[in-house]
Amino acid sequence: MINKAKKNITKIVQKSIKEIYSIKDLLISVERTKDEKFGDFSTNAAMMHTNRLKEPPMSIGEKLCRNINKSLSKDLLVDKVELVKPGFINFYISKKFWIAVFREVVLAGENYGRNNAGEGKKILVEFVGSNPTGPLNVVSARAASIGDSLCNILSFNGYDVKREFYINDAGEQVSRFVESLIARYKQIYNPDFPFPDEGYYGDYVKDMAKELDKIYGRSLLDKIADDVWNRCRSFYLSRILGNQKRDVEDFGVKFDVWFSEKTLHVEKINNAWIKLKKLGFTYPKDGALWFQSTKFGDDEDRVLIRKLGAPTYFMADIAYHLDKLERGFDKAIDFMGPDHHGHIARLKMAMKALGIDEKWLDVFIVQQVNLMRGGEKIKMSKRAGRFETMRDLVSEVGKDAARFFFLMRSQNSQLDFDLNLAKEESSKNPVYYVQYAHARICNILKHAEEIKINIEKIDKANTELINKPEEIELAKILAGFGDICKVSALTYAPHRIAGYLLKLAGIFHNFYNKHRVVTENKELTAARLLIVKSTRIVLANGLRLLGISAPEKM
RNA sequence: GUGCCUGUAGCUCAGUUGGAUAGAGCGUUGGGUUGCGGACCCAAAGGUCGGAGGUUCAAAUCCUCUCAGGCAUGCCA
């Protein structure tokens, strides 16, 4: 809707420029205004051309304005065009144009805001991902919220999206976990048995050791290298992975693919390695095999195959991304934890070495989360085995609040998560504020139905009766939903949707406070029901994109 | 040392890729409802956009330098 208006205005302005100045460069921009006192749309055309035409902006603007006023067509529904000081030309759109949005929303329903900008392009979004060595933490919860919501948004914009979880089940970390488990088990019989320096300190490892002891007693003590042990270790690894799966599923995230790093070994990794070797970017040194990342701007070369023969995480990740490419994705997006900082540049260098278009892969860091309680930061220490898990967080504040809080902020800044606020049932709590607007509307609709008003046919209501400023304001923000969806997809920014919903909820509450919907006046009631029904639809659509419920009662 | 992220109101953060007088929420202060959900609304106060230059009609936004904080800098992931 807004796009249509923008296009029309752009055409008109360009036509005027052509007529007056007969120049070919017609680059201008038409934007929504920030403030109502500047109308609804404005163009910087006069200022853009001031240099080329060697004429002051106000003078250009004056001529354009006069010309535009002559050529305004009726269907645009422009009330007024005016020139303002620095050289902006402002367009005032008639109420009628805006009010049409209510019917449009109701007719489109859950598809309102959808577009086909993505043209069915295949995108793979990799997020959360982890070693199967312990419970998922709060950063994983943040990544899950952002990744899942972005996928919803991309689908809504016409992309063919797949969600993927990368299981790092083949590396050094898994060995460290197993060593930790063995050590905890042995410590039951020998408290002095040393615990590995970089081991896993969490209590869950101790619990597993106790469990092993319960089943096998001391019989495993001398069988560490045995088959029994191998079975035990894979039993616990798959149990941990199972718990991780349950964590994300309870959080409402459904991955299309759980990708095991193991499946890259040995063949796919070998193939990737051979490709790099053939291109001449590798060499042996100190018994290991290296990648010449310095050729791509790194400060030192990086190891691909370790001295002992095992590939590094870096090598596996190269193979992994080649695999994604081979699976036919037009684009790959990765969300990684803050500890992967250094890894990103290297991965991109490897992609460049392999001749892959830079734009094919986008990698984002999901920054750390500081849990706050009563203004105090809760200390997290993985080493000491104390760290906040995703499960604890969700069970304390709930899925909706957790997701909304993570989605309010852009992913690349650190986040202070106020646990008390997330639980508070008041308008201070943003998630309640938005959900309350939705529930409130549902209650109005229910009330209307109780007095036998037919909500289904409400799109037939007489919209001529809509003219209050609060109503027009609602129309304008509803009309902007499609734009917000597009922008949030384009900039990978789900938090735009959250911000939009907060604003929409605010405008609705204000409207509600000023105007009663269901009254004696039947015609006006119908028109206002159309307004609140379309508002409900947009709230629900937005919440759905965030993966948050839109409750009918609270 | 090097690289990335961040620096905007007392606090937590937006700012549609360069636009007009920089915006919300919380907190503070003062108001509002015989009503369809008060889990609500309105108003006020609060700012050298970390700092200094530069680019141009126009800079929180782009460039250079600089200061502060965070993270990374493993043959871990």
Side-chain angles (χ1 to χ4, degrees), chain A residues 29 31-35 37-38 42 44 46-51 56-57 84-88 90 129-131 133 168 171-173 175-176 198 286-290 297-300 302-308 310-317 336-345 365 367-368 372 375 408-410 412-416 418 421 424-430 432-433 435-437 439-448 450-451 480 483-484 486-488 490-491 493 495-496 498-499 502-503 506 509-514 516-519 525 528-529 532 553-554:
Chain A
S29 91
E31 294 299 329
R32 283 234 51 195
T33 52
K34 262 193 290 191
D35 198 318
K37 66 179 170 244
F38 301 128
S42 78
N44 56 8
M47 292 177 288
M48 290 275 286
H49 288 87
T50 185
N51 238 358
V84 179
K85 237 192 286 168
F88 289 100
N90 295 334
S130 109
N131 299 297
T133 53
N168 296 126
E172 182 69 17
Q173 291 298 326
S175 311
R176 285 179 189 172
E198 299 192 80
D286 304 335
L289 297 172
W290 298 67
D298 208 346
D299 7 288
E300 51 183 314
R302 305 289 166 174
V303 171
L304 293 169
I305 311 288
R306 291 187 270 250
K307 204 185 300 177
L308 298 172
T312 57
Y313 169 79
F314 178 38
M315 181 68 244
D317 217 28
M336 295 184 175
D339 51 331
H340 283 65
H341 225 117
H343 177 66
I344 296 171
I365 291 283
Q367 281 294 354
Q368 71 185 62
M372 314 285 284
M408 276 194 309
R409 306 276 178 251
S410 71
N412 52 7
S413 59
Q414 297 187 14
L415 170 73
D416 286 347
D418 188 332
L421 179 62
E424 191 167 316
E425 296 190 353
S426 79
S427 63
K428 286 179 205 164
N429 185 342
Y432 279 94
Y433 186 74
Q435 288 182 319
Y436 181 67
R440 195 173 225 183
I441 294 173
C442 289
N443 200 61
I444 298 171
L445 295 173
K446 200 178 113 206
H447 174 77
E450 278 166 5
I451 57 171
D483 252 28
I484 290 289
K486 209 173 277 175
V487 168
S488 73
L490 221 65
T491 55
H495 74 277
R496 288 279 167 72
L502 282 166
K503 197 171 170 197
H509 286 307
N510 184 29
F511 158 81
Y512 175 91
N513 241 265
K514 279 232 171 76
R516 194 179 158 81
V517 175
V518 179
T519 60
T525 299
R528 293 230 166 111
L529 282 170
V532 298
K553 323 181 231 211
M554 296 171 67

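Below, each value reflects all heavy atoms present in this structure, side chains not excepted, and no hydrogens, waters or symmetry copies. Chain identifiers are assigned alphabetically (A, B, ...) following the order of the sequence lines, protein sequences preceding nucleic acid strands; residue numbering begins at 1 within each chain.
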Taking the [atom1] atom in each of [N] and [M], what is the distance between them to the nearest angstrom?
| N | M | atom1 | result |
| --- | --- | --- | --- |
| A22(B) | U61(B) | C1' | 11 Å |
| G30(B) | C36(B) | P | 30 Å |
| U28(B) | U73(B) | P | 43 Å |
| G27(B) | U12(B) | P | 15 Å |
| G25(B) | C41(B) | C1' | 15 Å |
| G47(B) | G10(B) | P | 6 Å |
| G32(B) | C49(B) | C1' | 34 Å |
| G1(B) | G23(B) | P | 39 Å |

Minimum side-chain heavy-atom gap [X]-[Y] below 4.5 Å:
| X | Y | answer |
| --- | --- | --- |
| F511(A) | R528(A) | yes |
| F88(A) | T33(A) | no |
| D317(A) | M336(A) | yes |
| Q173(A) | N168(A) | no |

Rounded interatomic separation in angstrom, taking [atom1] from [X] and [atom2] from [N]:
| X | N | atom1 | atom2 | result |
| --- | --- | --- | --- | --- |
| D416(A) | G70(B) | CG | C1' | 12 Å |
| N513(A) | G35(B) | CG | C1' | 11 Å |
| M408(A) | A14(B) | CE | P | 10 Å |
| N429(A) | G38(B) | CG | P | 18 Å |
| N510(A) | C42(B) | CG | C1' | 8 Å |
| L490(A) | U16(B) | CG | C1' | 10 Å |
| H509(A) | C36(B) | NE2 | C1' | 14 Å |
| I365(A) | G3(B) | CD1 | P | 17 Å |

Check nucleotides 24-28 of chain B against the protein and report each pair of N or O atoms closer than 3.5 Å, with its distance, or say if there are none.
from   : atom 1 : to      : atom 2 : distance (Å)
G27(B) : OP1    : K428(A) : NZ     : 2.9

For a quick check of understanding: with a heavy-atom distance under 4.0 Å over all strands, which category does [X] fall into, base, sugar-phosphate or nothing?
| X | result |
| --- | --- |
| K514(A) | nothing |
| S42(A) | base |
| N44(A) | base |
| N90(A) | base |
| R440(A) | sugar-phosphate |
| S29(A) | nothing |
| V517(A) | base |
| K486(A) | nothing |

Searching all strands shown, indicate the nucleotide that pairs with [N] (Watson-Crick or G-U wobble; both distances under 3.5 Å).
| N | value |
| --- | --- |
| G35(B) | none |
| A22(B) | none |
| A45(B) | none |
| U17(B) | none |
| A68(B) | U6(B) |
| G1(B) | U73(B) |

Between [X] and [N], is there a side-chain N or O to OP1/OP2 distance below 4.0 Å?
| X | N | value |
| --- | --- | --- |
| K34(A) | A22(B) | no |
| R496(A) | G15(B) | yes |
| H447(A) | G35(B) | no |
| Y512(A) | G38(B) | yes |

Test side chain to side chain contact (heavy atoms under 4.5 Å, CB included) on I444(A) and L529(A); report intermediate values, then the result.
CA-CA 8 Å; I444(A) 298 171; L529(A) 282 170; 4.2 Å; yes
Would you please classify the geometry between the H343(A) ring and the Y313(A) ring as parallel, tilted or perpendicular, with 30° and 60° separating the classes?
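Correct class here is tilted.
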Go through R306(A) and M315(A) one step at a time and tell me if the side chain to side chain contact (heavy atoms under 4.5 Å, CB included) criterion holds.
CA-CA 10 Å; R306(A) 291 187 270 250; M315(A) 181 68 244; over 6 Å; no
By nearest atom, which of the nucleotides [options] is closest to the [X] side chain?
| X | options | result |
| --- | --- | --- |
| R409(A) | U12(B), A20(B), G38(B) | U12(B) |
| M47(A) | G19(B), G35(B), G15(B) | G19(B) |
| S410(A) | G35(B), A14(B), A20(B) | A14(B) |

Is F88(A) stacked against the base of G19(B), taking the criterion as centroid distance under 5.5 angstrom and interplanar angle under 30°?
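F88(A) vs G19(B): stacking no.
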Is there a donor N/O on one and an acceptor N/O on the other, under 3.5 Å, for the side chain of D35(A) and the base of A22(B)?
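Side chain to base: no pair below 3.5 Å.
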Need to verify one output field. Residue with the more 5' nearest nucleotide on RNA chain B, T33(A) or L415(A)?
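Final value for this comparison: L415(A).
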First encountered from the 5' end of RNA chain B, between E31(A) and T50(A):
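So the residue in question is E31(A).
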Nearest heavy-atom neighbours spanning G87(A) and A46(A):
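So the two residues come closest at O-CB, 3.5 Å.
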Please name the pair of heavy atoms, one in Y433(A) and one in L502(A), separated by the smallest distance, quoted to 0.1 Å.
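So the minimum-distance heavy-atom pair works out to CE2-O, 3.7 Å.
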Interatomic distance, D416(A) atom CG to L421(A) atom CG [nearest 0.5 angstrom]
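Answer rounded to 0.5 Å: 12.0 Å.
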Hey, what do you get for OH (Y436(A)) to NE2 (H509(A)), rounding to the nearest 0.5 Å?
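Here the rounded value is 7.0 Å.
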Output yes when a side-chain donor or acceptor of D286(A) lies under 3.5 Å from a complementary backbone atom of A288(A), and no otherwise.
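Checked: no pair found.
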Determine whether a donor-acceptor pair (N or O, by modelled atom type, separation under 3.5 Å) exists between the side chain of T525(A) and the backbone of V518(A).
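No, the answer is negative, given that no donor and acceptor are paired below the 3.5 Å cut-off.
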Under the side chain to side chain contact (heavy atoms under 4.5 Å, CB included) criterion, do K503(A) and I484(A) qualify, and how do the steps go?
CA-CA 12 Å; K503(A) 197 171 170 197; I484(A) 290 289; over 6 Å; no
Would you call U33(B) syn or anti, using the 90° rule around 0?
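Anti, since the glycosidic angle lies more than 90° from 0.
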Which nucleotides of nucleotides 71-77 of chain B have their base under 4.0 Å from a protein heavy atom (B), which only their sugar-phosphate (S), and which neither (-), written as one string 5' to 3'?
BS-BBBB
